[in-house]
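Worksheet: one structure, shown below.
A, B, ... follow the sequence lines: proteins, then strands. Residue 1 opens every chain.
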Number of protein chains: 2
Amino acid sequence: MSEKITIYDIAKKLNITAATVSRALNNNPKIKESTRELVLETAASMNYKQNKLALALKSGRSNNIGVIVPRIDSNFFASVIRGIEEELYPHGYQVIICQTHENPKRESENLYTLIDAQVDGILMSVSDVNDENNSAFRNVLEKNVPLIFFDRSKHIEGVSSVTINDFKGGYIATKQLINQGCKHIAHLSGDQSLEIFKNRFLGYKQALLDNGIEFNEKYVIQSKSSVEAGKEAVDILLELETPPDAIFSSSDFAALGAIQELNERNINIPDDFCVAGFSNEPFTKFMEMSITSVDQSPLEMGRMSARVFLEQVDKTDTIKIEKKVVLAPELHIRKSSTRTTS
Amino acid sequence: MSEKITIYDIAKKLNITAATVSRALNNNPKIKESTRELVLETAASMNYKQNKLALALKSGRSNNIGVIVPRIDSNFFASVIRGIEEELYPHGYQVIICQTHENPKRESENLYTLIDAQVDGILMSVSDVNDENNSAFRNVLEKNVPLIFFDRSKHIEGVSSVTINDFKGGYIATKQLINQGCKHIAHLSGDQSLEIFKNRFLGYKQALLDNGIEFNEKYVIQSKSSVEAGKEAVDILLELETPPDAIFSSSDFAALGAIQELNERNINIPDDFCVAGFSNEPFTKFMEMSITSVDQSPLEMGRMSARVFLEQVDKTDTIKIEKKVVLAPELHIRKSSTRTTS
DNA sequence: GTTGGCAATGTAATCGATTACACGAAAGTA
DNA sequence: TACTTTCGTGTAATCGATTACATTGCCAAC
């Protein structure tokens, strides 16, 4: 029932050698047309399937690529993966998923595991920017396995990345709040050691400065990407001498929490308080009080990362291209930052 | 820089054979303790890494398992995959992701591709129940590769599945609407050729009958899982002679669409119209008008599927266990079906 | 002193496919 | 006719690890 058919079986049946069978199947021009046809027919009739593992061992290419993300059950990462998978599918690559749960040790393990599994490339979003597991990255580079960062990248010479312009994202979101007439704009930031959060913050700051609004450190709150964290941040902000009248949050979840807390306190959104988030999570547009948010085009990011990988994979080892693709963020303006009064 | 170290390199260095090295590395008891230590030390110092592809070819086990889902960028499937990955990670399995986009042809391709890639098992949620690509499934079974269905399964003898009790899910959601005093409960159903939707519908129907409410075919609308479809369904339902006063939707997205349309028409939710959905998508609890929904515990479903796989993978070919795990759905009651008036 | 047994290691086949090199036959050339 | 190409296949090595079977040396038992 489950007999595995190999090229040797075909060879035996036709009284030729496995080498000839292999050549016939691979369209080697040195094979007589009649032989080729015979082999192809026989292979089909015997239901022959090439053993990809043998091929992988011989060629050194597994046709698998590894994708490492902090977690898969987030709309953003899932969409990126979707993009990667769709782009790579036609090229015969399979996508292996790893999660780090933001744990550097896990990240390092994943890198080693993927290299052990002989993947042809690694696409990842880093969890931690610490230099601790640099050895894992060095290992990848030494093995000459293409490495591409997406969204959250790390500065390593010769390594390509696909990110969005987080600075600009922070800038346009903040600018929109300013345009609505907000004077005291607070910022909920993520872990500043990650580039993305730092840049969103810098974009926010620059937008303030460009529009003659003083930057106030007290308005910047470092918080996690959670509803709870957003609520807590509002608690703190409203205690200030001059409470803010708007929030630009680096996380949609925190933005949601902020809105919930503001509602609880009967503060009118958007007329008395505007809110903008980041990521364009599905729920931001579903809410009745739909939330203004910066879209990161995750699908496109995934596709682009895959394309960058494909460009690199065939290059000889000597040529190393370092490609930095930066996608443009897009602000989706919704109710939470659209004042009805002037 | 990128020299691959093999057991032969170690053997040469120590003037022994690769066989001895292999045995030492594998803790074969026939190896002298001193030799083992020497080999282990040398392997470490040379930075030896076992070539998993060679191992896979020799053993016939790739340590990869394939997961096929309609799409990955849905909270439900992403969460299931998370569960699978977490459960399998400690066992050294890698997860390969495939998407069908609800396309039977793609589903069939994915099955063949995974078998070609010599995965050790396949966990999947079917896209289509049509018998067209039965040959792909037969292929999997013939190759004796463990196959496990989750959520959306197919009746194949000897194949295990992990699902939730969709009938009960439909029942408890409907029952809650009845408890709220709703008399005319409509149902937005998905594709009835899929078991899950049929069972949710049957649960709905049974709940009506058990509570002395007449079943009315006109109240059942087959719609897609989208916001738009939910809106359209409401349009139709409100045209009826006796419009319903509640909706149980098999999809949270359609439930959301329904709510939006009802709001547009100034129909008061939940006092004049109750709504319940299915899947417990994140947004259902984030909304101000939070949506009652049936939770499918996707994480647990993923973990359980992985466990069922692990049980099967080591069994000899002769023993085939067919395990049908049915998880209990849990109703999360929220504002959309909690009347404030009696 | 021969034989048996055991411990430790070596030899070589195997997994399935690819491919450099070799070789015989046919065909072309002088 | 004799020599060189060319064509189509065969031979055998290779990818890296595992493992059945063989071998070696040593010690004990008779």
Without decimals, in angstroms, what is the distance between [X] [atom1] and [N] [atom2]?
X     : N      : atom1 : atom2 : result
A:Q50 : C:dG16 : CD    : P     : 13 Å
A:I16 : C:dA17 : CD1   : P     : 14 Å
B:I5  : D:dG16 : CD1   : P     : 11 Å
A:I10 : C:dG16 : CD1   : P     : 13 Å
B:K12 : C:dT9  : NZ    : C1'   : 19 Å
B:I7  : C:dT11 : CD1   : C1'   : 14 Å

Checklist line | Check: A:R152 and A:P70 side chains under 4.5 Å, non-hydrogen atoms | finding: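 Sidechains of A:R152 and A:P70: in contact.
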Item checked: Presence of salt bridge, A:R36 and A:E33, under 4.0 angstrom ->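 Salt bridge between A:E33 and A:R36, a charged N being under 4.0 Å from a carboxylate O: yes.
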Note to self: Whether B:E311 and B:R307 form a salt bridge (side-chain N of Lys/Arg under 4.0 Å from carboxylate O of Asp/Glu) is what I want to check.
What the structure shows: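 No, this pair does not count.
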[X] side chain N/O closer than 4.0 Å to the phosphate oxygens (OP1, OP2) of [N]?
X      : N      : result
A:T17  : D:dG10 : yes
B:Y48  : D:dA17 : yes
B:Q118 : C:dC15 : no
A:T20  : D:dT9  : no

Check: Got a sec? Which of residues 51-64 of chain B come in under 4.0 Å of DNA chain C, heavy atoms?
Finding: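 Within this stretch, B:L57, B:K58 sit under 4.0 Å of the strand.
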Margin query: Taking atom NZ as the centre, does B:K323 end up with more than 12 heavy-atom neighbours from other residues, nucleotides or ligands that are less than 6.0 angstrom away?
Written below: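 No, the 6.0 Å shell around NZ holds no more than 12 heavy atoms from other groups.
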Next item on the list: Give a yes or no on this: more than 12 heavy atoms of other residues, nucleotides or ligands lie within 6.0 Å of atom NZ of B:K13.
Entry: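 At most 12 heavy atoms, drawn from other residues, nucleotides or ligands, come within 6.0 Å of this atom.
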Item checked: Residue from B:Q312, B:K324, B:E322 passing side chain to side chain donor-acceptor pair (under 3.5 Å) with B:S160 ->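 It is B:Q312, the one option of B:Q312, B:K324, B:E322 that forms the side chain to side chain donor-acceptor pair (under 3.5 Å) with B:S160.
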Next item on the list: Check the pair A:T42, A:S45 against side chain to side chain donor-acceptor pair (under 3.5 Å), reporting the backbone distance first and the verdict last.
Entry: CA-CA 5 Å; A:T42 315; A:S45 78; 5.4 Å; no
Margin query: What's the separation between atom NE2 in B:H101 and atom OH in A:Y89, rounded to the nearest 0.5 Å?
Written below: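 If we round to the nearest 0.5 Å, B:H101:NE2 and A:Y89:OH are 9.0 Å apart.
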Notebook entry, point to check: Can you list the steps and then say if B:V313 with B:R61 is a side-chain contact (heavy atoms from CB on, under 4.5 Å)?
Noted result: CA-CA 10 Å; B:V313 75; B:R61 321 178 83 239; 3.6 Å; yes
Checklist line | Sub-4.0 Å heavy-atom contacts from residues 21-38 of chain B onto DNA chain D, ordered by number | finding: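 Per residue number, the list reads B:S22, B:R23, B:N26.
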